[in-house]
Q: 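Sharing a structure, written as structure tokens. Questions coming.
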Amino acid sequence: MSIGALLRSAVKDIAPVYPKVYTGPEDHYFVYDITDDRGDDWGDDDPGHIHYWVRLNYYFPMGENQTPMRNRVRNLLYKAGFSFASITSLSDPDNGMDGLSWECDIVAESEE
């Protein structure tokens with residue numbers, strides 16, 4: 001399963017999930033990005049796995065209580081096999097949206 005599919009599967013029951021950028025009409029949505037990837041589990045000069053670092057951002061209307069979502073998503077990502085994520089609060093007053101960002105990593109098969 002690709003990293004994007006794994007992220008989508010983990011949080012799909014909360015809100016739609018899109019790669020990198022979303023410009024549609026939804027007011028609750030996730031976007032994700034693979035911020036880094038490197039070879040891991042080296043043997044015979046070839047990586048046996050790829051170590052991926054990912055960022056998952058959740059956007060919602062400004063002023064909504066974000067406290068329950070912080071640990072809910074972190075726990076869902078952890079159950080899906082990602083490391084225990086760090087969480088950062090996001091805000092964009094220009095468009096009236098708040099957000100949360102989870103950063104974590106996972107070692108998996110190559111997406112090739």
Q: Which heavy-atom pair separates Leu77 from Ala10 by the least distance, and what is that distance?
A: CD2-CB, 4.4 Å
Q: Could you check whether any side-chain heavy atom of Asp36 comes within less than 4.5 Å of a side-chain heavy atom of Arg38, counting everything from C-beta outward?
A: yes
Q: How far apart are the C-alpha atoms of Asp13 and Leu76, what are their side-chain angles, what is the distance that settles it, and do they pass the side chain to side chain contact (heavy atoms under 4.5 Å, CB included) test?
A: CA-CA 11 Å; Asp13 292 336; Leu76 289 170; over 6 Å; no
Q: Begin with the C-alpha distance, continue with both residues' side-chain angles, and end with the deciding distance and a verdict on side chain to side chain contact (heavy atoms under 4.5 Å, CB included) for Val73 and Phe30.
A: CA-CA 11 Å; Val73 171; Phe30 289 96; 4.0 Å; yes
Q: What is the distance from atom CG of Asn71 to atom CD1 of Ile87, rounded to the nearest 0.5 Å?
A: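 If we round to the nearest 0.5 Å, Asn71:CG and Ile87:CD1 are 5.5 Å apart.
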Q: Between the side chain of Asp98 and the main-chain N/O of Gly63, is any donor-acceptor distance below 3.5 Å?
A: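 It does hold such a pair.
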Q: What distance separates Tyr52 OH from Thr35 OG1, expressed to the nearest 0.5 Å?
A: 12.5 Å
Q: Which class fits the ring pair Tyr22 and Tyr29: parallel under 30°, tilted 30 to 60°, perpendicular over 60°?
A: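 Correct class here is tilted.
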Q: Has Ser83 got a side-chain atom pairing as donor or acceptor with Cys104's backbone, closer than 3.5 angstrom?
A: no
Q: Quick one: do Val17 and Met69 end up in the same hydrophobic cluster if we chain Ile, Leu, Val, Met, Phe, Trp and Tyr together by side-chain heavy atoms under 4.5 Å apart?
A: yes
Q: Hey, are the side chains of Val54 and Ile3 touching, using non-hydrogen atoms and a 4.5 Å cut-off?
A: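 Yes, at least one pair of side-chain atoms sits under 4.5 Å.
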Q: Step by step, would you call Val107 with Ile50 a side chain to side chain contact (heavy atoms under 4.5 Å, CB included)?
A: CA-CA 6 Å; Val107 177; Ile50 306 293; over 6 Å; no
Q: Are the ring centres of Phe60 and Tyr58 closer than 6.0 Å?
A: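 Yes - the distance between ring centres of Phe60 and Tyr58 falls below the 6.0 Å cut-off.
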Q: Let me check something: do Ile34 and Val11 share a hydrophobic cluster, defined by ILVMFWY side-chain heavy atoms less than 4.5 Å apart, either directly or through other members?
A: yes
Q: Does a side-chain heavy-atom distance below 4.5 Å link Glu26 with Tyr18?
A: yes
Q: Is there a chain of hydrophobic side chains (I, L, V, M, F, W, Y, each step under 4.5 Å between heavy atoms) that links Val31 to Leu90?
A: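 Both belong to a single hydrophobic cluster.
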Q: Backbone N or O of Ala85 within a donor-acceptor pair of the Arg74 side chain at under 3.5 Å?
A: yes
Q: Does one side chain, of Asp37 or His51, offer a donor that lies under 3.5 Å from an acceptor on the other?
A: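 Asp37 vs His51: no donor-acceptor pair found between side chains.
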Q: Do Tyr32 and Leu6 share a hydrophobic cluster (ILVMFWY, side-chain heavy atoms under 4.5 Å, transitive)?
A: yes
Q: Considering only heavy atoms from C-beta outward, does the side chain of Leu100 approach that of Thr88 to under 4.5 Å?
A: no
Q: Would you name the heavy atoms of Glu103 and Arg55 that are closest together and state the gap between them?
A: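 Distance-wise, the nearest heavy atoms are OE2-NE, 3.4 Å.
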Q: Looking at every non-hydrogen atom in both residues, tell me the closest pair between Ser101 and Asn57 and how far apart they are.
A: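 Smallest heavy-atom distance, with atoms named: OG-OD1, 2.6 Å.
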Q: Would Arg70 count as a cation-pi partner of Trp102, with NZ or CZ less than 6.0 Å from the six-membered ring centre and within 45° of the ring normal?
A: no
Q: Distance from Asp27 atom CG to Met97 atom CE, nearest 0.5 Å?
A: 6.0 Å
Q: Do Phe84 and Asn75 come close enough that some side-chain heavy atom pair is under 4.5 Å?
A: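 Yes; the side chains approach each other to less than 4.5 Å.
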